[in-house]
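Written below as structure tokens is the structure these notes are about.
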Amino acid sequence: MREWEKNIRRVTPYVPGDQPKGDRLIKLNTNENPYPPAPGVLRALREMDYDRFRKYPDPAASVLVRELAEHYGVGENQVFVGVGSDDVIAMSFMTFFNSDKPVLFPDVTYSFYKVWAELFGVSYETPALDERFAIRPEDYRKENGGIIFPNPNAPTGLLMPLETVEELVRSNPDSIVIVDEAYSDFGGTSALSLVPKYENLLVVQTFSKSRSMAGMRIGFAIGQPRLIKALQDVKYSYNSYTMNMPSLVLGAEAVRDDGYFREMLEKVIETREWSKAELTRLGFTFPDSMANFIFASHRTVQAGELFEALRANHIYVRYFKQPRLDNYLRISIGTREEMKELFAFLETYLSAR
Ligand SMILES: *Cc1c(COP(=O)(O)O)cnc(C)c1O
């Protein structure tokens, strides 16, 4: 090893789902929304003045912050925005998880948490989910340097009841509890209602799944002003211009159209519930998902085999080759037509086997 190589920070990166190319494929592997963003987003995009690209964007991201504050009924000093919730959560790790005590998150969860903990050199512990994949709240009643979990959890889709979330926040007054609500719009109960009551609670959401804007990279956190101020101080010490101008303008536009948003969510939820029935009929079992994906295991056929067979037929789902998860497929909810094709393929494949 060269001398300079010894100085390199070594990390094992997060591995995102494939973004396969081609148009004759069904992509159900990264929990994107199958429907387009709100119509107002397209209108604003067409009307965008490209001369504004010469200038730096607003570092305070005011148009978007204002729109989110109004929509969620909080102060503008309670909203922090970033380049997807990945950016917001990374900033939160840097800002809030800064003690010698271990940060706690479940053993089966969004795999990026572990990557950030390693990158920022924070110690962590990963309490095991119970045998039905539920978080055991009692595991979080110990000394810790912070807590983070998605609700609903990923990749299981399981929702923790709001009372349990509150109990967890209440029993940890000395650490920051981050609830990653990437999927809560699909049927969860958001912890946003608890924000006025708890100064140690930070709720993080994203435009990537429920608002059909994964490509724009928009995420946000809502908490009490002191938490938001701390996040801003770290952001301004790192990169003042995280969000670009089109994301700010188009993101604000997406929030304005609540009618479209609700309608589209309803369609995803309806397709999810129908998909649960279809999967059951085909011999799958799964935790009862409240997200826009289902984490399913077949009673007789190995998930790895199904994953390969699906991929060979241009249907992409997510497969995690790791202990406890390697007999499950995480299937994002697509359009009704896409799901029909998936189930038709599975039906043929399983009966020919
Ligand atoms: C998708 C996802 C995110 C990150 O989404 P962004 O596209 O960065 O906003 C964060 N947490 C969980 C649990 C996710 O599934």
Side-chain angles (χ1 to χ4, degrees), residues 13-19 27-34 37 61 64 68 79-94 97 103-117 119 126 129 133 135 146-160 165 177-188 190-191 202-222 231 235 239 242-244 247-248 250-251 254-255 268 272 287 289-295 317-320 325 328-333:
Y14 169 76
V15 184
D18 287 338
Q19 292 293 344
K27 194 172 175 308
L28 307 172
N29 69 333
T30 52
N31 300 341
E32 288 144 338
N33 198 307
L64 182 59
L68 286 166
V79 182
F80 177 82
V81 295
V83 186
S85 54
D86 285 343
D87 179 46
V88 173
I89 300 169
M91 292 281 177
S92 302
F93 264 69
M94 268 198 268
F97 297 165
V103 166
L104 307 178
F105 49 85
D107 65 336
V108 173
T109 193
Y110 188 40
S111 54
F112 224 142
Y113 300 157
K114 185 186 271 191
V115 175
W116 285 313
L119 178 64
T126 57
L129 299 182
F133 285 136
I135 290 174
I147 293 173
I148 181 165
F149 59 92
N151 199 33
N153 196 8
T156 63
L158 269 189
L159 182 74
M160 181 192 282
V165 175
V177 179
I178 301 176
V179 186
D180 178 354
E181 295 191 346
Y183 302 103
S184 72
D185 289 327
F186 297 106
S190 173
L202 190 75
V203 177
V204 178
Q205 294 193 3
T206 174
F207 282 48
S208 297
K209 280 86 182 212
S210 57
R211 293 187 185 276
S212 308
M213 292 175 84
M216 290 310 293
R217 312 304 301 128
I218 307 171
F220 62 97
I222 292 180
L231 273 169
K235 173 195 139 157
N239 177 359
T242 52
M243 297 195 70
N244 62 60
S247 296
L248 296 174
L250 303 180
V255 180
V268 174
R272 177 187 70 207
S289 171
M290 285 295 139
N292 68 335
F293 56 83
I294 300 173
F295 196 53
V317 298
R318 191 90 195 257
Y319 177 60
F320 301 95
L325 309 186
Y328 285 85
L329 298 174
R330 194 196 65 190
I331 305 167
S332 308
I333 303 301

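Atom set for the values below is all heavy atoms of this structure, side chains included, hydrogens, waters and symmetry mates excluded. The structure displayed is predicted, hence computed values, not measured ones. Counting starts at 1 for both ligands and their atoms, following the listed order.
Heavy-atom proximity to Arg217, at under 4.0 Å, picks out these atoms of ligand 1: 6 (P), 7 (O), 8 (O). Taking every heavy atom of Gly84 and a limit of under 4.0 angstrom, the matching atoms of ligand 1 come to 8 (O), 9 (O).
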- Message: Please evaluate residues Phe293 and Phe186 with respect to the criterion ring pair (Phe, Tyr, Trp, His ring centres under 6.0 Å), reporting the C-alpha separation (whole Å), side-chain torsions for both, the decisive distance (0.1 Å), and the verdict.
- Response: CA-CA 10 Å; Phe293 56 83; Phe186 297 106; 8.7 Å; no
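At least one N/O-N/O distance between Lys209 and ligand 1 falls below 3.5 Å.
For the pair Arg272 (side chain) and Met290 (backbone), a donor-acceptor distance under 3.5 Å is present.
Defined by atom type and a distance below 3.5 Å, a donor-acceptor pair is present between the side-chain atoms of Ser247 and Asn244. Using a 3.5 Å distance cut-off with no hydrogens or angles, the side chains of Ser210 and Asp185 do pair a donor with an acceptor. Inspection of the Tyr183 and Asn151 side chains reveals no N or O donor paired with an N or O acceptor under 3.5 Å.
Within the 4.5 Å cutoff, side-chain heavy atoms of Arg217 are placed close to those of Asp86.
Closest heavy-atom approach to atom 5 (O) of ligand 1 within the set Ala291, Ser85, Pro150: this belongs to Ser85.
Ser208 OG, 2.6 Å is the protein heavy atom nearest to atom 7 (O) of ligand 1. The closest protein non-hydrogen atom to atom 12 (C) of ligand 1 is Asp180 OD2, 3.4 Å.
Ligand 1 is approached by Tyr183 to a heavy-atom distance shorter than 4.0 Å.
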